There are 2 protein chains.
Amino acid sequence: MKKKTTIYDIAKELNITVSTVSRALSGFPAISDTTKKAVVEMAKKLNYSPNRLASALKSGKTHIIGVIVPSVQAYFFASIIHCIEDGLKDSGYRVIIYQSNESVENEINGVRTLLEAQVDGIMASMSLETQDVSHFAEIIKQNKPLILFDRVNAELNVPTVTLDDYRAGYMATQHLIDQGYKKIALVTTVHQIKIFNDRLKGYKAALADNNLPINDDYIVFGGLSIKDGRFGAGKLMRMENKPDAILAGDDFTALGVIKKLKEINETPPEVGVIGFANESFSAYITPNLSTIDQHPAQMGTECAKMFLKMVGQENPYQDIQHIVLDPTVVERQSTGKLPS
Amino acid sequence: MKKKTTIYDIAKELNITVSTVSRALSGFPAISDTTKKAVVEMAKKLNYSPNRLASALKSGKTHIIGVIVPSVQAYFFASIIHCIEDGLKDSGYRVIIYQSNESVENEINGVRTLLEAQVDGIMASMSLETQDVSHFAEIIKQNKPLILFDRVNAELNVPTVTLDDYRAGYMATQHLIDQGYKKIALVTTVHQIKIFNDRLKGYKAALADNNLPINDDYIVFGGLSIKDGRFGAGKLMRMENKPDAILAGDDFTALGVIKKLKEINETPPEVGVIGFANESFSAYITPNLSTIDQHPAQMGTECAKMFLKMVGQENPYQDIQHIVLDPTVVERQSTGKLPS
DNA sequence: ATGAAAGCGCTAACAA
DNA sequence: TTGTTAGCGCTTTCAT
């Protein structure tokens, strides 16, 4: 393997010094056009490719930002990442993705790995398991931008981009009520994550505002997955006073609920079902799934904008903003109750 | 922002030299247990975090490998990545993901970015647009491992992990024939990608082997997406002598086909539909979609293994292997033709 | 407009 | 077992 070309090779070839080459290559103003042109040409001729590692080591800036998400397999997170990349690419920032797979341990590892890789900032959405957030504190201590999105934590005093989850829970419940459902159950996660708590509050508030009783037996705490959805629906529908609609913690859970309901011949919209996230499949299943759109694209864009703002100031945390997006109800067949 | 702790700080504190610290931290054998323990303790006390950049610059190894995929939103690619990560993590390699979004330009950018970031190797699945592959040649020139998977290119003399796509095309077609369909159409991509050509050959071979005519009008060349599926199905079903089954280029396309067929009251399995990739939604749509499983998990695992083997040898390309996996038919409702 | 030189944090060959 | 020292490839301050 022949040695890679460095700025030294270019300098030697042109009988100038590395500093000149460095400046010519990085668009430094005080450089003659002749020199600049010669350098650029020689660089191309020698097939020069800069070593970002070296420049990062010296400058302390890698122009790489790390994004930690539970999983990239969810369309929701994939979309956010896509928009973060998009919003950042013009500024020369690259994104590297780290998946926590809903495990705190992986998440801690992720923060460490990214920090050791000297990323210029981190954006994260927490795993379901995460309670203690001290691993994130290290990022702040290093004075690097940390932005939390969707699954955030109030303890950490950092900028956030979230959905108004209280409203989301409220709207989903209200939608079911508007459609004529009266006995509305909730299948959600046991984990103490703010957004799920907020949704729960929204759910309860909507019931209360409509003078409907809050039945604790109607609230199933479990996981969020197709399997959990099946389980939750099964449990609910075996009750004596069974619900006539189910609000599921996310679309995967809602999918499990629907599958179960179909099996026991309570096919939606007979029993109403609504999910969260507007996952890509939700429009295609039968009956297709009503859901709450959480606007991942907008969320990603806002994260990117916020990051750019933070790196622009000497103290990234001098002005901590919290952006809250409005949820939207996506009305489909699964909540289209017919008048009885 | 207070300065970060370096090995110099640890050395000074302990009155030893940086080399000792470096050795103690990296598990060098010839070091006394006392020193090692003291160093590790002091490192923890000073909240030391290594700067991988510096060590990478010096050693020439970043222990990061880059993966280029068309898009992470497809479950197929997300699964591959997941298994690559899994297969590599015990060896201390980290994965960074670059999405080409099916554009050559992005792909070229991706190779450059990853190379400049000094990754230790690259795994890639090519974009639909890619014809010229010279950007990949640079990786080989640098003598870094390059592994191509799924969407590969024969020009590049590198290890590959692929599905037997000829067989996949053949099996899908044979399955439709076995189910009683006789007039089988194909909706595929215009792009000259090997795997799609192979499938086309398999499709034709299966028809020929069953003494069924090959009707060129039954082969629609377009894109691969829900929209393209709708379009292809529409075009096919408007024909005078319309097909009784459609083989779609991937599951997204198949989904579009199904939607169109339902609209025009030719709901599968009346007209048979089969896709490729076993995307996550295919089991949940109605009718649920028969498809070809391409074993992404195995593909990812093989990529990881191959990489580890390649980095272990002084010349990574001394023994170029091509791993070919066997496709599996996943039989579901969309091809469940009833005897007429 | 260009050059000289120090140094980012770490590793590793050579010495002791 | 530990220390000395020379870089890895680049940026940047201070001269010129």
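Labels below follow one simple rule: chain letters A, B, ... track the order of the sequence lines, proteins then strands, and each chain is numbered from 1. Because the structure is a prediction, the values reported are computed rather than measured.
Each end of the helix from C/dA1-D/dT16 to C/dA16-D/dT1 gets its own axis, taken as the rotation carrying the C1' atoms of four end pairs onto the next four within a five-pair window, and the two axes meet at 30° to the nearest 10 degrees.
Within 4.0 Å of A/Ile7, counting heavy atoms only, lies at least one base atom of the nucleic acid. Nucleic acid contact class of B/Thr35 (heavy atoms, under 4.0 Å, all strands): sugar-phosphate only. Among the heavy atoms of the strands, none lies under 4.0 Å from A/Leu53. Residue-level contact check: B/Ser55 touches the backbone only, with heavy atoms under 4.0 Å from sugar-phosphate atoms and none from bases. Nucleic acid contact class of A/Tyr48 (heavy atoms, under 4.0 Å, all strands): sugar-phosphate only.
To the nearest angstrom, P of C/dA12 lies 13 Å from CG of B/Leu25. Distance A/Ile31 CD1 to D/dT11 C1': 13 Å, rounded to the nearest Å. The interatomic distance linking A/Asn15 (CG) with C/dA4 (C1') rounds to 16 Å, in whole Å. Whole-Å rounding puts the B/Gln118 CD to C/dC10 C1' distance at 16 Å. Here D/dG3 presents its C1' atom at 17 Å from NZ of B/Lys12, a figure rounded to the nearest Å. A straight line from CD of A/Glu116 to C1' of C/dG9 spans 13 Å, rounded to a whole angstrom. Taking atom NZ of residue B/Lys37 and atom C1' of nucleotide D/dT2, one finds them 20 Å apart after rounding to whole Å. C/dT2 atom C1' lies 16 Å from atom CD1 of A/Ile10, rounded to whole Å.
A donor-acceptor contact shorter than 3.5 Å is absent between the side chain of B/Glu129 and the backbone of B/Ser103. A/Glu102 places a side-chain N or O within 3.5 Å of a backbone atom of A/Leu128 that can act as its donor or acceptor partner. Between the side chain of B/Ser127 and the main chain of B/Thr130, a donor-acceptor pair closer than 3.5 Å is present.
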N/O contacts under 3.5 Å, protein versus nucleotides 4-7 of chain D?
| unit_1 | atom_1 | unit_2 | atom_2 | d |
| --- | --- | --- | --- | --- |
| D/dT4 | O4 | B/Ser19 | OG | 3.0 |
| D/dG7 | N2 | B/Lys58 | NZ | 3.2 |
| D/dG7 | N3 | B/Lys58 | NZ | 3.2 |

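Heavy atoms from other residues, nucleotides or ligands lying under 6.0 Å from NZ of B/Lys309 number more than 12. Dense packing is recorded around CD of B/Gln313, with more than 12 heavy atoms of other residues, nucleotides or ligands lying under 6.0 Å away.
Between A/His63 and A/Tyr93, the ring-plane angle classifies as tilted under the 30° and 60° cut-offs.
Expressed to the nearest 0.5 Å, how far OG1 of A/Thr35 lies from CZ of A/Arg23 amounts to 10.5 Å.
For A/Thr6, no side-chain nitrogen or oxygen approaches OP1 or OP2 of D/dC8 to under 4.0 Å.
You'll find the side chain of A/Met306 stays beyond 4.5 Å of the side chain of A/Glu302, heavy atoms only.
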Pair up each side-chain donor or acceptor in residues 12-19 of chain B with any protein partner under 3.5 Å, not counting sequence neighbours, and list the distances.
| unit_1 | atom_1 | unit_2 | atom_2 | d |
| --- | --- | --- | --- | --- |
| B/Thr17 | OG1 | B/Ser19 | OG | 3.2 |
| B/Thr17 | OG1 | B/Thr20 | OG1 | 3.2 |

